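Worksheet: one structure, shown below.
All chains are named by letter (A, B, ...) in the order of the sequence lines, taking the proteins before the strands, and each is independently numbered beginning at 1. Computed from heavy atoms alone, side chains included, the values below leave out hydrogens, waters and symmetry copies. Because the structure is a prediction, the values reported are computed rather than measured.
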Amino acid sequence: MEKKKILVTSALLYVNGSAHLGHIVGCWLPGDIFTRYHKTNGDDVVYVSGTDDHGTSSYISAKNAGLKPEEYISIMNGKLKDIAKKFCIDFDIFSGTNTQTHKEVTVDFFNEIYKNGYTEEKTSNMLFCEHDKVALADRFVYGKCPYCGYDKAYGDQCDKCGKTYELDELIDPKCTFCGNSAVKKTTKHIYISLDKLQPQLEKWVESKKDIWRPHVYNMTTKWFKEGLKPRCITRDIPWGIKVPLEGFEDKVFYVWFDAPIGYISITKELGGEEMVKDRWQNKDCEIFNFIGKDNIDFHAIFFPSMELACKKYNLANNVVGFNFLNFEGQKFSKSKHIGIFCDKVMENDIDIDSLRAYLVSIFPENKDSDFTYEGFKLNTNAELVGKYGNFFNRTLNMINKNFAGTLNIDFEDIKNMLDDNDKEMIDAIQTLPNQIGELFAKTEFRTAYKEIMRFASIGNTYLEKQAPWTLIKNGDIDNAKKVLYLCLNMAKALAIVGSPIMPNKTAEIWTEQLNLEGSPAEPNMWQEASKINIKKTHKVSSPKPLFARLDDEAIEKLKAQFA
RNA sequence: CGCGAGGUAGAGCAGCUCGGAAGCUCGCCGGGCUCAUAACCCGGAGGUCACAGGUUCAAAUCCUGUCCUCGCAACCA
């Protein structure tokens with residue numbers, strides 16, 4: 001099988017507060033599972049992410065915390081790293097955009113776009129806060145509505161009467177951060193000529209029609225119908241990357257200009273110029289961006305346009321846009337404190353593999369979905385304990401009790417005693433792992449998970465049909481061994497195919513109970529899953545329950561801890 | 001005509017890209033098994049696939065229209 005070269009990115013997180021489950025589900029976890037699958041499949045894959053350190057809201061958050069921006073983001077970056085570790089998100093690097101490397105890459109990126117003639121200058125009016133030293137975008141300004149007089153109207157629209165207006169029509173504008181009056185300024189800015197890039201971009205998007213999720217493709221093509229317009233890429237705030245152009249010394253790049261370049265600079269930080277060449281300038285490397293749906297425009301329009309204008313880096317193969325996760329029917333909210341916040345998970349004994357598995361089962365791949373405690377309990381008990389874990393337990397228990405852990409047979413020994421049930425079982429072992437692998441590769445995680453559980457169910461049904469406990473009772477030892485040998489091979493396969501989602505539990509069952517060498521997540525192990533090749537003399541260890549059941553009490557405890 | 005998502009058994013959802021006898025999990029009813037974490041397996045009841053038209057030999061699936069629900073314009077993937 002040909003080995004692929006892959007680069008996986010997951011959206012850079014803003015550092016203005018604590019992460020919640022939605023962040024994990026939106027990009028970190030799918031990117032992690034995708035990466036783990038490919039590693040196990042033997043592909044050459046690198047997973048990069050980090051924090052988006054610039055932008056107005058990070059600047060203001062730092063200010064409110066009484067810290068310098070670089071101090072603030074360094075603390076937040078550390079916290080996020082801990083959370084990633086707790087959730088077993090295995091980044092090759094988790095950095096940020098406040099690095100010297102990032103500055104250099106961004107400046108170079110801009111210089112190329114400038115040199116290639118895809119920028120233009122325009123003059124525009126904007127409101128500025130003298131106190132916070134920031135330019136105020138529409139959503140950061142409030143004042144009196146020129147139509148109805150409502151005094152909490154935003155920069156471009158009044159919530160009360162619904163009317164929209166120009167920024168300079170707003171009466172007595174104030175800064176939303178400090179409440180001081182905002183002043184009008186006329187400034188020059190640099191724009192990227194998206195209109196000139198549209199034909200090339202459309203061609204690229206068209207080629208992704210059958211690869212991207214439908215909602216990503218649709219949302220993207222909608223922009224083309226309206227026609228792309230030049231977009232401002234500079235800002236008047238003191239926090240960010242300085243624009244390297246005469247007459248713009250006091251300006252920085254718009255956060256959404258430098259943030260996606262972070263994928264490149266973080267790659268460079270990890271492996272130097274060599275790795276950038278290998279992953280971003282090598283047409284054999286496939287790039288996957290895992291993002292939430294609010295980022296689709298930036299990853300499907302803005303960043304690829306920048307790359308086309310820069311002409312130095314390859315565009316993504318797949319922009320994997322996830323929808324949103326709700327929490328018990330409500331939106332995650334920092335202000336109302338709705339949802340599981342990951343800093344609380346840090347001090348909690350919640351089983352991460354169980355949580356990861358439940359989250360996969362409700363991944364908002366095609367539409368928004370909902371986290372519920374009841375669902376978490378159900379998935380853990382019915383799927384992980386009842387089907388998946390139970391199969392290991394039943395198999396190992398019988399091998400141990402009746403055969404002291406060693407069956408003393410292999411596939412050759414049973415080939416002439418197979419009935420229809422055995423053949424079905426063998427067929428499942430030989431075909432399902434590859435099918436599940438393809439689902440992971442296609443980023444269809446929910447279906448992959450369902451198939452893994454179905455795989456375990458096939459095992460349970462097989463046991464029921466063959467009833468080795470009865471065979472043993474009747475003295476039919478050869479057939480009992482045959483059944484358990486096939487089950488043992490399926491157990492091995494189940495550990496491998498489950499490893500991208502449940503890295504801890506599968507490693508545990510592999511080493512401590514199946515007593516196999518290495519790890520189920522080793523490179524090229526995926527191909528081993530469909531082989532029936534457990535050695536004749538192999539001795540398994542004694543089983544113990546893999547997942548813990550969750551009762552109502554445990555759920556109540558969780559609710560209380562996360563409330 | 002702001003933008004977006006959705007309406008499929010009691011609940012929660014999948015299926016819709018590429019039309020071909022309505023599926024999954026839970027719950028409920030009945031049976032089986034006893035190796036297993038009161039776990040597992042089989043069977044059953046329960047649906048005019050929001051509504052109305054249209055295309056078709058055939059529509060949950062494609063087209064048109066109508067009704068209803070929910071998100072976004074405040075932190076926020």
Whole-Å C1' distance, B/A52 and B/A60: 16 Å
Separation of atom CD1 in A/I458 from atom C1' in B/C41, rounded to whole Å: 14 Å
Partner nucleotide, any strand, of B/C16 [Watson-Crick/G-U, under 3.5 Å]: none
Interatomic distance where NE2 belongs to A/H20 and C1' belongs to B/A77 [whole Å]: 7 Å
Nearest-Å distance for atom pair CZ/C1', residues A/R446 and B/U25: 12 Å
B/A59 versus B/G20 - spacing of their C1' atoms, nearest Å: 10 Å
Sugar-phosphate, base or nothing in reach of A/K331, heavy atoms under 4.0 Å: base
Counterpart base for B/U69, defined by Watson-Crick or G-U wobble contacts under 3.5 Å: B/A5
Minimum-distance nucleotide to A/V385 side chain [options: B/A77, B/A14, B/U37]: B/U37
Paired nucleotide for B/A52 [Watson-Crick or G-U wobble; both distances under 3.5 Å]: B/U64
Whole angstrom value for the distance that separates P of B/G32 from CD of A/E464: 13 Å
B/A74: pairing nucleotide in any strand, Watson-Crick or G-U under 3.5 angstrom: none
A/F363 CZ to B/C13 C1', straight-line distance once rounded to whole Å: 17 Å
Side-chain N,O (A/N390) to OP1/OP2 (B/A36) below 4.0 Å: no
Flag for A/D419-A/Q466: side-chain donor and acceptor within less than 3.5 Å: yes
Any strand: nucleotide that pairs with B/C26 via Watson-Crick or wobble, under 3.5 Å: B/G10
Rounded distance (Å) that lies between atom C1' of B/C72 and atom CZ of A/F324: 9 Å
Distance flag, aromatic centroids of A/F94 and A/Y47, threshold under 6.0 Å: no
A/T461, nearest nucleotide to its side chain (from B/U34, B/C42, B/U37): B/C42
B/G46 - base-pair partner by Watson-Crick or wobble geometry, distances under 3.5 Å: none
Sugar-phosphate, base or nothing in reach of A/G22, heavy atoms under 4.0 Å: base
Gap in Å between the two C1' atoms, one belonging to B/A9 and one to B/A50, rounded: 15 Å
Whole-Å distance separating the CD1 atom of A/I472 from the C1' atom of B/A36: 13 Å
Touch class at under 4.0 angstrom, heavy-atom based, for A/L325 against every strand present: base
Stepwise side chain to side chain contact (heavy atoms under 4.5 Å, CB included) check, A/L494 with A/F455: CA-CA 8 Å; A/L494 270 174; A/F455 193 25; 3.5 Å; yes
B/A14 and B/C28, which share atom name P, separated by this distance in whole Å: 24 Å
A/I350/A/K344 under side chain to side chain contact (heavy atoms under 4.5 Å, CB included): CA gap, chis, key distance, verdict: CA-CA 10 Å; A/I350 190 168; A/K344 291 242 173 114; over 6 Å; no
Touch class at under 4.0 angstrom, heavy-atom based, for A/N460 against every strand present: sugar-phosphate
Distance, C1' atom - from B/C72 to B/A36, rounded to whole angstrom: 49 Å
Pairwise C1' distance, B/A74 and B/U69 [rounded to whole Å]: 23 Å
Inter-nucleotide P distance (B/C42, B/G4), Å rounded: 44 Å
A/Y358-A/F371 aromatic ring centre distance below 6.0 Å: yes
Sugar-phosphate only, base, or nothing, as touched by A/L546 at under 4.0 Å among non-hydrogen atoms: base
Electrostatic pair A/K482:A/D478 at N-O distance under 4.0 angstrom: no
Sugar-phosphate, base or nothing in reach of A/F322, heavy atoms under 4.0 Å: nothing
Nearest-angstrom distance from the residue atom NZ of A/K377 to P of B/G27: 9 Å
Quick test: give all pairs of protein nitrogen or oxygen and nucleotides 4-9 of chain B nitrogen or oxygen below 3.5 Å, distance rounded to 0.1 Å.
none

Geometric cation-pi criterion, A/R213 with A/F322: 6.0 Å, 45°: yes
Contact under 4.0 Å: A/R394 side-chain N or O vs B/A39 OP1/OP2: no
Most 5' of A/N326 and A/T470 on RNA chain B, judged by nearest nucleotide: A/T470
Atom C1', compared across B/C63 and B/G19: separation rounded to whole Å: 13 Å
Position toward the 5' end of RNA chain B (nearest nucleotide), A/G386 or A/M398: A/M398
Sugar-phosphate, base or nothing in reach of A/F392, heavy atoms under 4.0 Å: nothing
Donor-acceptor contact below 3.5 Å, side chain A/T221 vs main chain A/N218: yes
Residue A/K473, side-chain atoms from C-beta onward, closest of B/A39, B/U34, B/C41: B/U34
Test item: side-chain donor near acceptor, A/N77 and A/T51, under 3.5 Å: yes
Watson-Crick or G-U wobble mate for B/C33, both contacts under 3.5 Å: none
Which nucleotide in B/U25, B/C35, B/U37 has an atom nearest any side-chain atom of A/W469: B/C35
Residues, nucleotides or ligands: over 12 heavy atoms within 6.0 Å of A/W212 CH2: yes
Aromatic ring proximity, centroids under 6.0 angstrom, A/H299 and A/Y263: yes
A/K387 side chain, from C-beta outward: closest of B/U25, B/U37, B/A77: B/U25
